[in-house]
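To start, the structure under review is shown below, and the notes come after it.
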Amino acid sequence: MKQRINLLIAFSVIALIVLSTVQCYLVKTTYDYKVAQFHTEIKNTIARISNNYSDIDSVIVARKEALYKQLSENYIQGKNNKSEVKTYILENEYNDVLTQKIQRKFQRELPNLKIDFAIVLNKFVLYQNAKKIDTIFSEKPFIQNKLYGNLISLNHAFLVRSYVGTTNGTYANQDYKLLTEDSMYVSVIDWEMIILGRMTFVLILSLLSILTLITLFVIAIKALIKQKKVNDIKTDFINNITHELKTPLTTLGISTRILERKDIRDNDENFNAIVDTISRQNNRLQNLIDQVMANSLAENGIELQKEKTETEDFLLSIIHDFKITFPKVNLQTDFQTQKTILVLDKFHLTTAFLNVLENAVKYGSHKILIKTRIVQNQFSISIEDDGIGIEKNKQSLLFEKFYRVEQGNLHDTKGLGLGLYYVDQIIKAHQGSVSVVSDLGKGTQFTILLKV
Ligand code: ADP
């Protein structure tokens, strides 16, 4: 069963991991799709508001073309070399003015977005009739080749469009054609937040579905483990009660067989001894059955017969009887509550206190200390022993029906796992609480709190 539960947990964890991975993959795909969609939107909008930056300031663009023509002719004449041409183009004086104009246009047309941009020069190629193509300049888009714009890096920017320009001219009776190519890169500030904002619904939905799955999984596994625990506890109970019943029954069987012998019946002393044994075993059987009955009745609610009780006197009478039964146990008291009167069911509480005291002896204690205190308006009774103690991880289960720490090890100490369950039920019926503090090997302290 345990192996099956472990296998089930392992499979469920794997299924959860696979599902979560698929979910993450789907979210990532949606994210990529949203990013692509966002870029397309920006591209289309920018294409709509500006076909070419000549429509933003035609005078500047015309001046730029004149400069390009001038530089081409200088190059043909040999006045400027390739790198000088590039430097002159990039150092153009219209840079700031055109940057500001484009920026303003973006602000006007796309008021909700903060856009940084750069127009970089990629190509500057001369075609002369007689000669072969002369590439003065052709590079991949670099921020260093920025003509206009306020972007300082192309890293997070995306390409919006490329502008190809041709200029025809004649120099020294030779026609030439100039081909230029610029690319506009755009970066929208906080674009990640915009995309995440658009994905809120998808994110919340997938997070909720994963959380629901995990919660359902945890609930199912918890129920399964609890079920297993209950099963184990019940099996233990059946084993224990069978064992407990066997001893008196065997003794009764033997005693009856002895009684059948005439020589025993004729000897009064022997006869009385056997009858005593039968009576003791009979009482033991009766006690066992009473214990089981009392606890099955507890399920239907305990009916208390409460009366005003002088608590210290009541405790002392229990201790007195206990000392007669266990004369070797060193039992000490430390009462600091001065004759507190509480309304209690003496009969049930006596059994409950005796259960705790007898457990102390049963589980290895020789010295017991009973303290009473008033703690935050509650009457506190603590029963401290120096017995074998209880492991920390078992302490929360002690008050469960049929629970025994000594599971499986039936013959060490006898019991049905009902004693503390009964204590808990009785104290709860008095609107009180019982708790345990214990160190394995050092001892155990039970504290009972009752309303004053
Ligand atoms: P049981 O019939 O087994 O004694 P209880 O309900 O009285 O059943 O106690 C439950 C379990 O708690 C016991 O099996 C025992 O292992 C542990 N226990 C109870 N009291 C003590 C104690 N004073 N010291 C150590 N272990 C204890």
Side-chain angles (χ1 to χ4, degrees), residues 229-230 232-248 284-299 302 315 318-319 322-323 325-326 328-333 348-371 380-429 432-448:
K229 231 181 242 163
V230 170
D232 287 354
I233 285 175
K234 282 197 174 152
T235 316
D236 271 345
F237 170 70
I238 291 167
N239 290 340
N240 285 327
I241 194 125
T242 319
H243 173 76
E244 293 283 305
L245 290 174
K246 245 185 201 160
T247 325
R284 214 171 138 196
L285 277 177
Q286 191 61 50
N287 278 343
L288 274 172
I289 289 163
D290 283 352
Q291 221 182 330
V292 177
M293 290 290 285
N295 284 291
S296 52
L297 284 180
E299 231 145 65
I302 303 158
L315 286 176
I318 298 174
I319 292 166
F322 181 79
K323 276 183 172 165
T325 329
F326 298 98
K328 286 188 191 149
V329 176
N330 173 1
L331 204 155
Q332 290 178 5
T333 53
H348 283 305
L349 275 179
T350 305
T351 317
F353 281 121
L354 282 177
N355 281 355
V356 178
L357 289 173
E358 282 171 8
N359 270 350
V361 181
K362 213 158 84 174
Y363 299 106
S365 171
H366 300 290
K367 197 172 157 199
I368 303 172
L369 174 64
I370 303 181
K371 287 194 230 168
S380 146
I381 309 147
S382 73
I383 299 152
E384 213 175 311
D385 68 48
D386 60 349
I388 57 172
I390 304 157
E391 269 180 70
K392 292 266 178 282
N393 62 347
K394 308 244 164 96
Q395 291 174 10
S396 61
L397 301 167
L398 287 191
F399 301 102
E400 279 184 22
K401 202 171 187 177
F402 304 134
Y403 181 78
R404 303 201 69 217
V405 176
E406 301 270 316
Q407 284 170 19
N409 199 357
L410 295 170
H411 305 285
D412 265 14
T413 45
K414 290 174 185 158
L416 299 177
L418 288 170
L420 289 181
Y421 169 74
Y422 180 80
V423 173
D424 190 49
Q425 296 293 309
I426 294 299
I427 302 298
K428 273 186 187 151
S433 65
V434 53
S435 59
V436 62
V437 179
S438 181
D439 263 334
L440 194 63
K442 289 190 183 153
T444 308
Q445 179 180 356
F446 285 94
T447 304
I448 292 168

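Order of listing sets the numbers, starting from 1, for every ligand and every atom in it.
- Listed by atom number, the atoms of ligand 1 under 4.0 Å from Lys362 heavy atoms are 1 (P), 2 (O), 4 (O).
- The closest approach between a heavy atom of Asp385 and any atom of ligand 1 is below 4.0 Å.
- Residue Ala360 approaches ligand 1 through these ligand atoms, each under 4.0 Å from one of its heavy atoms: 23 (N).
- Taking only nitrogen or oxygen atoms, main chain and side chain alike, Tyr403 does not reach within less than 3.5 Å of ligand 1.
- A distance-only check finds a donor-acceptor pair linking the side chain of Ser438 to the backbone of Gly443 [under 3.5 Å].
- Contacts of Thr444 with ligand 1, taken as heavy-atom pairs under 4.0 Å, involve the side chain alone.
- The atoms of ligand 1 that sit less than 4.0 Å from any heavy atom of Gly419 are 5 (P), 6 (O), 7 (O).
- Set against the non-hydrogen atoms of Gly417, the atoms of ligand 1 under 4.0 Å away are 1 (P), 2 (O), 3 (O), 6 (O), 8 (O).
- Closest heavy-atom contact between Ile318 and Thr350: CD1-CA, 3.9 Å.
- At least one N or O atom of Leu420 sits closer than 3.5 Å to an N or O atom of ligand 1.
- Checking side-chain atoms of Asp385 against main-chain N and O of Val361 turns up no donor-acceptor pair under 3.5 Å.
- The proximity of Val405 to ligand 1, defined as any non-hydrogen pair under 4.0 Å, involves the side chain as well as the backbone.
- Taking each heavy atom of Thr444 and Gly389 in turn, the nearest pair found is OG1-CA, 3.5 Å.
- Expressed to the nearest 0.5 Å, how far CD1 of Ile427 lies from CD1 of Ile448 amounts to 4.0 Å.
- Within the 4.0 Å heavy-atom criterion, the part of Leu418 lying near ligand 1 is the backbone and not the side chain.
- The contact set between ligand 1 and Arg404, taken as ligand atoms under 4.0 Å from a residue heavy atom, comprises 1 (P), 3 (O), 14 (O).
- Environment of NZ in Lys442: sparse, with no more than 12 heavy atoms of neighbouring residues, nucleotides or ligands closer than 6.0 Å.
- The two atoms that bring Ile383 and Leu357 nearest to each other are CG2-CD2, 3.9 Å, heavy atoms only.
- In this structure, the side chain of Gln395 engages the main chain of Ile390 through a donor-acceptor pair within 3.5 Å.
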